[in-house]
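Hydrogens, waters and symmetry mates play no part in the numbers below; they use all other heavy atoms, side chains included.
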Amino acid sequence: MPTNRKDALRIVREEAGDADPAGVLEYILEATKHGKVVTVGTCRFKQERS
């Protein structure tokens, strides 16, 4: 499901616990840029290709 940055940050905060949510989101955005799927807790993140 497409998710905006604000909602993605909220999801990461809920799933990552004590980890730095902004740092985790930046890692997710960088890793998914190259086609990877990143799992945080029970959520999977990927970027759609245009």
- Euclidean distance, Arg5 CZ relative to Arg10 CZ, rounded to 0.5 Å: 15.0 Å
- Please say which of Val37, Ile28, Val38 ends up in a side chain to side chain contact (heavy atoms under 4.5 Å, CB included) with Lys46. Val37
- Please report the closest heavy-atom contact between Val12 and Pro21, naming both atoms and the distance. CG1-O, 3.7 Å
- Item | Closest heavy-atom pair and its distance - Ala19, Val24 | CB-CG2, 4.0 Å
- Heavy-atom pair of closest approach, residues Thr32 and Gln47: OG1-NE2, 2.9 Å
- Starting at CD of Glu15, measure out to OG1 of Thr39 and round the result to the nearest 0.5 Å. 10.5 Å
- Within a strict 4.5 Å, meaning less than it, do heavy atoms of the Arg13 and Leu25 side chains meet? no
- Message: Using a strict threshold of under 4.0 Å (side-chain N to carboxylate O), is an ion pair present between Glu26 and Lys33?
- Response: no
- Minimum side-chain heavy-atom gap Ile11-Phe45 below 4.5 Å: yes
